[in-house]
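Below you'll find the structure, written out as structure tokens, and then a few comments.
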Amino acid sequence: MSMKEAEWQQEQSRVDEVIQKVALQMDELEKRTGNVRSDVVEIRKHFWDEVTINFSHAEDLTETYFSMKQQADVMSERERSHRHASATLGKYRRLVQSPYFGRIDFVEENTEKKESIYLGIASFMDEENDTFLIYDWRAPVSSLYYDYGPGAAQYDTPGGIIKGEMLLKRQFVIRDGQIKLLFDTGITIGDELLQQALSRSADSQMRSIVATIQKEQNQIIRNERSRMLIVQGAAGSGKTSAALQRVAYLLYKNRETLRADQMVLFSPNPLFNSYVSTVLPELGEENMEQTTFQEYLENRLGKEFELEDPFEQMEYILSTDPHTEGYAARMESIRYKSSAAYLETLRKYTERLETEGMLFKPLAFRGKEIVSAEAMKVRFYAMDAQVKLANRVVLLRDWLLTELSAFAKKEWNEAWVEEEMELLSQEDYQRAYQKVRKQGRNKEMSFDDFNMEKELLARVIVRERLKPVRSRIKSLRFVDVTKLYRQLFDNPHLLTELVGGSDLVPAYWSEISRQTTERMDKKELSYEDSTPYLYLKEQVQGFQMNTNVRHVFVDEAQDYSPFQLEFLKRLFPRGRMTALGDLNQAIFAHTSVFGEEEPLVQLFGSEQTELIRLTRSYRSTREIVEFTRGMVPGGESIIPFNRGGEKPQVISVMNEDELHEQVAMHIEELQADGYESIAVICKTAAESRAAYEALASRTPVNLVKKETAAFSKGTQIIPAYLAKGVEFDAVILYNGSQHQYGRENERKLFYTACTRAMHSLRVFSIGEPSFFVTTQPQETYVPIALVPEADPAAPR
């Protein structure tokens, strides 16, 4: 709907007025911030000048303590004031550029007063009139803007539901204080605003979407009912964006009880962490903790094993000939060890260990056995059978520490101790004496008495030498977890008993067992073994839980197995979980947790679980969505946003030289068309390296590896599995041939690569294109076959 000039001018006048008031408050705040900063510097500078220090008597010590505490409290309060003022200033600086993006006129039920509510990224109050000039987009009343159009509307408040009528819903695009776009709209956020937002170039980092949040995304953002929120969304449907706005909403709504460090995001790779790192600061919130599941595994198991990461596993799957010996067994191993069935097998195994089968490492010192593995086993199974496995291990630890102390006393008079005494320097003597004094024993002991001296030194020497043994006991390393896990593969009958019969044992089990033990002999763990191994370790030694975290976000959740999500649930027992994913982008070989709803629902139960589906794709043009949705099952339900563009091109070339020449030419052509973000997406890291080496001499390109921490400007060459969750203005699929993508299990990888494109998609192929392309309707793409020109001299 067009806007009358007078109305436009009236809105611009309000923008000018609001900006002027924000600027005035900014000036006042900057002065106060400067004064507080000066106070902090001054207090730090003269901290000790203001403190009375006297340790002569108990009363003086108390006075000193309170003097220091008072000064520290003053400084802490000033620092808090400075941090709060700085954060507010940051919000005001953004409001000066673009104070708000929406307006609703609302009349509350049983009243006649119309209230005009303007929405921005932060609230702003006119202190003179005590009225809000801007409401934070997360305020309860702001949900009207996202959920309703003109007509009957309502919103939730802490005091109950407020009903009424929305008279007007207006949207703005304001840049540098000037209204660039202004229109009234219906129930959805207007196409004009989305068109403008989506037609821009992709950035190296994700943007905030508060001005264009859709109704279904708002349901995700404001959901506080469910312990488990599952978001199944098509490629480009805004899953991750909605999740990050959800974090900002939760921090705003629960600002008295929730901090950013009580929320954690598990993302697919470090590159993605960098990609999303600016969204929350843009909204005036601190970033939550960000990590990957692999980083967590490395932290827990990296000292014991060399861990395979998911990308190494992916490289093996994509690069190995399926007919290679051991390939079928490895694929079955990945599927089984990631399944809920294997989780159940390990549960039964740990139940069995409560009655038999525990394995321990003997404790020894200088060739002497302190406690044998058999003695530990006897002691362990002599305990009350009602005591849980992990608790019994703790009781065994305490017993071993007692046994170690008894052993240490016997060692005081051994010859090796006297030999070490003779080698002690004067400095070592003094150091030994001071150690005993610090421990609070024998404070009056003097080196004048030879016997006392000898016992003193013997204690210190033996205690020092037994430190590694004591450390092993305290860290529960006397339990042989490695052999406990290996038993599943070394004993051919054990798994049969646990699963309930030989017909339930996975195919290729003997070969799976050989591959597993061979890697463990090299101190290596495959990716599919890492979580089960850690699960068994924690079942035996006790779970290391994080009770501080209140919200867990799992992005690209389709790449997690049921086993892994169950582990995360146990790791964060007080956390609510938001799992975001797309089954059509489940590119790993293991069973996806998004494969069926039941395993996800079972995590927290149906009453505490909610599923939201996002079917509209906003990232890509209508033409790209119409081309790609036919590649995946159920793709017909994906609805493209009505943003037009060019049809995808499928370009067939004769050989690699021609491929490289054409790709380089198309990169330059896309850059000339104004596309700043271009990706050349390859199947594997090996293909990416080959493409980089061939293209780098023809045109400037960057190679993205799994270690890459952030995108650099320009054209990126990247494996498909690292491009997940990221978007580019234009995508060139490096070699989408039938030879390269001819296996059914590569369908989702191909689809994932194509759906990274916002505006332009070009699929190159050496020879015949993949059947993922040729089975699409001919009208959805433009086929281009580049063949050598005919030789005029050749006979016809």
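For the single chain, residues carry numbers from 1 onward in sequence order.
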Next item on the list: Please say which of Gln558, Gln232, Lys239, Lys748 ends up in a side chain to side chain donor-acceptor pair (under 3.5 Å) with Asp582.
Entry: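 The single option meeting the side chain to side chain donor-acceptor pair (under 3.5 Å) with Asp582 is Gln232.
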Any side-chain heavy atom of [X] within less than 4.5 Å of one from [Y]?
| X | Y | value |
| --- | --- | --- |
| Tyr533 | Val481 | yes |
| Pro719 | Thr684 | no |
| Cys682 | Asn735 | no |
| Leu565 | Val554 | yes |
| Ile717 | Val704 | no |
| Glu315 | Phe311 | no |
| Lys348 | Val499 | no |

ask   = Step by step, would you call Arg227 with Glu607 a salt bridge (Lys or Arg N to Asp or Glu O under 4.0 Å)?
value = CA-CA 9 Å; Arg227 180 86 190 274; Glu607 292 183 359; over 6 Å; no
Side-chain donor-acceptor contact under 3.5 Å, [X] with [Y]:
| X | Y | answer |
| --- | --- | --- |
| Asp555 | Ser267 | no |
| Glu528 | Gln313 | yes |
| Tyr316 | Glu308 | no |
| Tyr734 | Ser688 | no |
| Gln294 | Tyr527 | no |
| Ser333 | Tyr342 | no |
| Tyr751 | Arg747 | no |
| Ser526 | Asp529 | yes |
| Gln539 | Arg570 | yes |
| Asp321 | His323 | yes |

Take atom CD in Glu356; do more than 12 heavy atoms of anything else shown fall under 6.0 Å from it?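 Atom CD in Glu356 is packed in, count exceeds 12.
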Any chance you could measure [X], atom [atom1], to [Y], atom [atom2], to the nearest 0.5 Å?
| X | Y | atom1 | atom2 | result |
| --- | --- | --- | --- | --- |
| Lys467 | Lys474 | NZ | NZ | 10.0 Å |
| Lys483 | Leu359 | NZ | CG | 7.0 Å |
| Leu525 | Leu534 | CG | CG | 10.0 Å |
| Leu466 | Ile370 | CG | CD1 | 6.0 Å |
| Lys377 | Ser372 | NZ | OG | 11.5 Å |

Requested in this report: May I have the step-by-step check of side-chain contact (heavy atoms from CB on, under 4.5 Å) for Ile718 and Val680, ending in yes or no?
Outcome: CA-CA 6 Å; Ile718 184 170; Val680 178; over 6 Å; no
Might you point out which heavy atoms bring [X] and [Y] nearest each other, and give the distance in Å?
| X | Y | value |
| --- | --- | --- |
| Leu603 | Met228 | CD1-CE, 3.9 Å |
| Thr609 | Gly605 | OG1-O, 2.7 Å |
| Pro270 | Glu295 | CG-OE2, 4.1 Å |
| Lys337 | Pro532 | O-CG, 3.6 Å |
| Ala234 | Ser237 | O-OG, 2.6 Å |
| Cys754 | Leu733 | SG-CD2, 4.1 Å |

Establish, for the pair [X] and [Y], whether the NZ or CZ atom is under 6.0 angstrom from the six-membered ring centre and no further than 45 degrees off its axis.
| X | Y | result |
| --- | --- | --- |
| Lys523 | Phe305 | yes |
| Lys569 | Phe604 | yes |
| Arg246 | Phe553 | no |

- Task: Begin from the C-alpha positions of Leu722 and Asn269 and carry the test side-chain contact (heavy atoms from CB on, under 4.5 Å) through to its verdict.
- Result: CA-CA 7 Å; Leu722 287 182; Asn269 52 61; 3.9 Å; yes
*asked:* If you apply the rule side-chain contact (heavy atoms from CB on, under 4.5 Å), what do you find for Asp261 with Glu289, and how did you get there?
replied: CA-CA 6 Å; Asp261 63 4; Glu289 298 294 318; 4.0 Å; yes
Next item on the list: Tell me, with the steps shown, if Leu536 and Val540 meet side-chain contact (heavy atoms from CB on, under 4.5 Å).
Entry: CA-CA 6 Å; Leu536 177 63; Val540 172; 4.2 Å; yes
Q.
Using the rule given for salt bridge (Lys or Arg N to Asp or Glu O under 4.0 Å), can you reason through Arg300 versus Glu538, listing the C-alpha separation, both sets of side-chain angles and the distance that settles it, and then say yes or no?
A. CA-CA 10 Å; Arg300 297 299 314 280; Glu538 301 221 327; 2.3 Å; yes
Could you tell me whether [X] and [Y] make a salt bridge, using a distance below 4.0 angstrom between a side-chain N and a carboxylate O?
| X | Y | answer |
| --- | --- | --- |
| Arg486 | Asp480 | no |
| Arg347 | Glu351 | no |
| Arg379 | Glu374 | no |
| Glu556 | Lys724 | yes |
| Glu746 | Lys683 | yes |

Problem set entry | Parallel, tilted or perpendicular: ring planes of Phe567 versus Phe543, cut at 30 and 60 degrees |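 The arrangement is tilted - the two ring planes meet at 30° to 60°.
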Are Arg330 and Glu511 close enough, and set up right, to give a salt bridge (Lys or Arg N to Asp or Glu O under 4.0 Å), and what steps lead you there?
CA-CA 8 Å; Arg330 177 74 197 277; Glu511 175 60 18; over 6 Å; no
Test side-chain hydrogen bond (donor to acceptor under 3.5 Å, both in side chains) applied to Tyr381 - qualifying residues, sequence neighbours left out:
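Expected list: none.
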Looking only at the aromatic ring of each residue, does the gap between the centers of Phe380 and Phe360 stay below 6.0 angstrom?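 Yes; Phe380 has its ring centre under 6.0 Å from that of Phe360.
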